[in-house]
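Note sheet for the following structure.
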There are 2 protein chains.
Amino acid sequence: MTTIKVIAQEAGVSKATVSLALNDKPGVAPHIRQRILEIAKRLNYQPNASARGLALQKTQTLGVIVPDISGPFYAELVRGVGEESRAHDYYLTLCTTIGRPSRERMYFQLLGEQRVDGIIVVSPRNDEALICQIHAEGFPLVVVDRDIQASDKIVEVIVDNFHGALAGVEHLIGLGHRRIGFINGPPEIQATQDRLRGYQLALREHRITPEDRWICVGDFRKEGGYRCMQELLSIKPPLEAIFTANDLMAIGAIKAIREAGKRVPDDIAIVGFDDIPLAAHFDPSLTTVRQPVARMGAVACRLLLQEINGEEILECKAILQTELIVRASSGTQEGGD
Amino acid sequence: MTTIKVIAQEAGVSKATVSLALNDKPGVAPHIRQRILEIAKRLNYQPNASARGLALQKTQTLGVIVPDISGPFYAELVRGVGEESRAHDYYLTLCTTIGRPSRERMYFQLLGEQRVDGIIVVSPRNDEALICQIHAEGFPLVVVDRDIQASDKIVEVIVDNFHGALAGVEHLIGLGHRRIGFINGPPEIQATQDRLRGYQLALREHRITPEDRWICVGDFRKEGGYRCMQELLSIKPPLEAIFTANDLMAIGAIKAIREAGKRVPDDIAIVGFDDIPLAAHFDPSLTTVRQPVARMGAVACRLLLQEINGEEILECKAILQTELIVRASSGTQEGGD
DNA sequence: GTGAAAGCGCTAACAC
DNA sequence: GTGTTAGCGCTTTCAC
């Protein structure tokens, strides 16, 4: 392993000069610099990251903390972060927390051991206090897909879930449906609360009073959508349409509908949320509220780098907009009879 | 940031003693050790990773190099690696290479800068020479989903693609189909070659001579499956069944079939490869050759750690088996008329 | 313009 | 048992 010391000997100069030359800093005679660079290249020199990190107190590495990485949403998010971090010559350390007893340790380890220069937290569960504490200790930190109520100084990248849901449900209403069910995610997750509000407002504005039993609590997975739909199918008179808080649950719901011998969208119209890559290829293709997931990751990364570099961040909250993507699963005409 | 030095002062001992105590090494009086541990806990001490890495020449970090991370296959693979590495207290640095002009630099940077203790390479494209070179330089390295022909000393985790494809196609033959098309991946990828051989042998063993035009080169994405299927649909007399080299292309193919006004599996039976999470929820549910993707990642990780720890690795090639998962898309009876 | 020296935080060999 | 010392590879004053 070539070190700066070897190069110094080879070039007949000191380590300091080599360091200056290699880092493009002034104070080295052109021909010396030239020679040093040549030797470095010839010897395939690469600076030792630990040594550099120790001296500079920087690692050129970011951490991203997500519950899981299988599943289209988080995978795409991490992709966005990864692309952006690479573009800025940062490495990415991936931490998945699901199934881990104390994810708290992971935040602290990454930052406390100074393994990373900052972290992006995509953790929808309730540990506001912890996040605030980390932030209070001065660690660069960006939160994605979640609004930390306790502090307005923590940088956040969030999606306008409220208006997204509003648009999704209004689309269904516009198609003539009035009895519209809602398969939501777990209530402790913030995005689900916002989507619920959007759902409720949409109905209310059209003088529809949703019954409690129209709303079912899912898990953001296919299985939850399936189970919820089975429950919702038992409602009499039957619901005409379902809004689901993500596409995966929409897919589960469609399966349940099919198994009950009904058709989508003819008997029941469906609108999902996310626009996962397969949404367009599903049968029927999914009408859904698209989130700019990769962009969220990229924005989070860029904001984190600003924070790391000590740049002033003008707005702590980056709010990205959703977009309604109309496809087949919602139907084009009135669905009910 | 608490350091070992602070603790030493606080406890009235030397840094060396603190280091010994904190690392559970012998040579420290019990009551001293006790006090050191208490202070460390109180001050929330965490060792600086760079300093430790520099001294120990180890980073407790692995690198995983994949083309992309969106897409169910690589996401699941990385998940497997991540779970396993966490279980062994290793961090994971994620490198995606797609769209990157010189992914070569990334291998070298990660290892050359000694940012990681070893890497898992999941890179189906042709850079055998590079991989061999890295291995020759003594860097711990495990290759996944690919057999490096040039060396039999490189540790590899591969799937029995040949028998997987064989089983998939034989399943179709068993259902009475004889005119079976094949939508494959790019030819320069090894897995596709093996699957092609499996496809060919299955037909040959049943005295079916596949025509060249039955085979179409896709891209492992939905789009490629869609495009290929459009081509295959023009064949007269029509094909009765299609084997696709992955589920994503199967999904694209099904879309093309539907748009042509035909039904799956009634008009054309389909068998995919991978068993992605959504395969069971697709309509029709996908018959497919399952790969133990997460396990591949976990095995690769474990082998890499063995290599890092200097343990003898008895078999360089871990070959995992596939499993045929029969669902609806292949039909249960003779499909054609 | 260049080199010597100190220091980043930790570990490990060797005295005491 | 414990402390002293050197060193991991790099950066960065500060003399020269």
Side-chain angles (χ1 to χ4, degrees), chain A residues 1-37 39-40 43-61 89 91 108-117, chain B residues 1-37 39-40 43-61 89 91 108-117:
Chain A
M1 213 76 281
T2 328
T3 69
I4 209 179
K5 187 174 165 188
V6 175
I7 298 180
Q9 290 170 345
E10 192 86 2
V13 297
S14 75
K15 292 194 308 179
T17 306
V18 175
S19 179
L20 290 179
L22 257 26
N23 290 311
D24 266 334
K25 300 218 170 141
V28 183
H31 64 284
I32 300 264
R33 159 165 286 142
Q34 183 74 17
R35 188 154 90 246
I36 291 174
L37 292 179
I39 296 174
L43 266 40
N44 191 26
Y45 168 76
Q46 298 198 250
N48 179 298
S50 295
R52 191 170 245 240
L54 184 56
L56 254 35
Q57 302 283 48
K58 299 197 80 218
T59 60
Q60 287 289 323
T61 303
D89 277 318
Y91 289 89
F108 275 125
Q109 274 193 8
L110 269 180
L111 288 166
E113 294 182 345
Q114 293 166 78
R115 225 168 247 289
V116 298
D117 296 335
Chain B
M1 213 78 279
T2 328
T3 69
I4 211 180
K5 187 174 163 190
V6 174
I7 297 179
Q9 289 170 345
E10 191 86 359
V13 297
S14 77
K15 293 194 307 177
T17 307
V18 175
S19 179
L20 290 178
L22 257 24
N23 290 311
D24 266 333
K25 301 217 170 143
V28 184
H31 64 285
I32 300 264
R33 159 166 285 145
Q34 182 74 18
R35 188 155 89 245
I36 290 174
L37 292 179
I39 296 174
L43 267 39
N44 190 26
Y45 169 77
Q46 297 199 249
N48 179 299
S50 295
R52 191 173 248 237
L54 182 56
L56 254 34
Q57 302 284 46
K58 299 195 79 219
T59 59
Q60 288 289 320
T61 303
D89 277 318
Y91 289 90
F108 275 126
Q109 273 193 7
L110 268 179
L111 289 166
E113 295 181 346
Q114 292 167 79
R115 224 168 249 288
V116 298
D117 297 335

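Quick caveat, the model's predicted, so the values are computed rather than measured. Below, chains carry the letters A, B, ... as their sequence lines are ordered, and counting in each starts from 1.
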Fill in: Atom pair distance, as rounded to whole Å: CD in A/Gln9 and P in C/dG3
13 Å
Worksheet item: How would nucleotides 5-16 of chain C be written as a contact map, 5' to 3', with B for base contact, S for sugar-phosphate-only contact and - for no contact, using protein heavy atoms under 4.0 Å?
Response: ---BBBBB----
Discussion item. Less than 4.5 Å apart, side chain to side chain, heavy atoms only: is that true for A/Leu37 and A/Leu22?
Written reply: yes
Practice prompt. List the steps, then state whether side chain to side chain contact (heavy atoms under 4.5 Å, CB included) holds for B/Thr17 with B/Ile36.
Written response: CA-CA 9 Å; B/Thr17 307; B/Ile36 290 174; 4.0 Å; yes
Worksheet item: If you round to the nearest 0.5 Å, how far is CD1 of A/Ile32 from CZ of A/Arg35?
Response: 5.5 Å
Worksheet item: Nearest heavy-atom pair of A/Ile4 and A/Tyr45: which atoms, and what distance?
Response: N-CE1, 3.7 Å
Worksheet, complete the sentence: Taken to the nearest whole Å, CD/A/Gln60 to P/D/dC10 is 15 Å
Worksheet item: If every non-hydrogen atom of B/Asn44 is compared with every non-hydrogen atom of B/Thr2, which pair is closest and at what distance?
Response: O-OG1, 4.1 Å
Worksheet entry | Side-chain donor or acceptor of A/Arg33 paired with backbone N/O of A/Lys25 under 3.5 Å | yes
Discussion item. So if I take the C1' atoms of five pairs at each end of the helix from C/dG1-D/dC16 to C/dC16-D/dG1 and get each local axis, what angle do the two axes make, rounded to 10 degrees?
Written reply: 50°
Practice prompt. Determine yes or no for a side-chain-to-main-chain donor-acceptor pair under 3.5 angstrom, with A/Arg115 supplying the side chain and B/Thr59 the backbone.
Written response: yes
Taking only distance into account, with no hydrogens and no angle test, what donor-acceptor pairs under 3.5 Å do side-chain atoms of residues 51-58 of chain B form with protein atoms, sequence neighbours excluded?
{"unit_1": "B/Arg52", "atom_1": "NH2", "unit_2": "B/Asn23", "atom_2": "OD1", "d": "2.8"}
{"unit_1": "B/Lys58", "atom_1": "NZ", "unit_2": "B/Tyr90", "atom_2": "OH", "d": "3.0"}

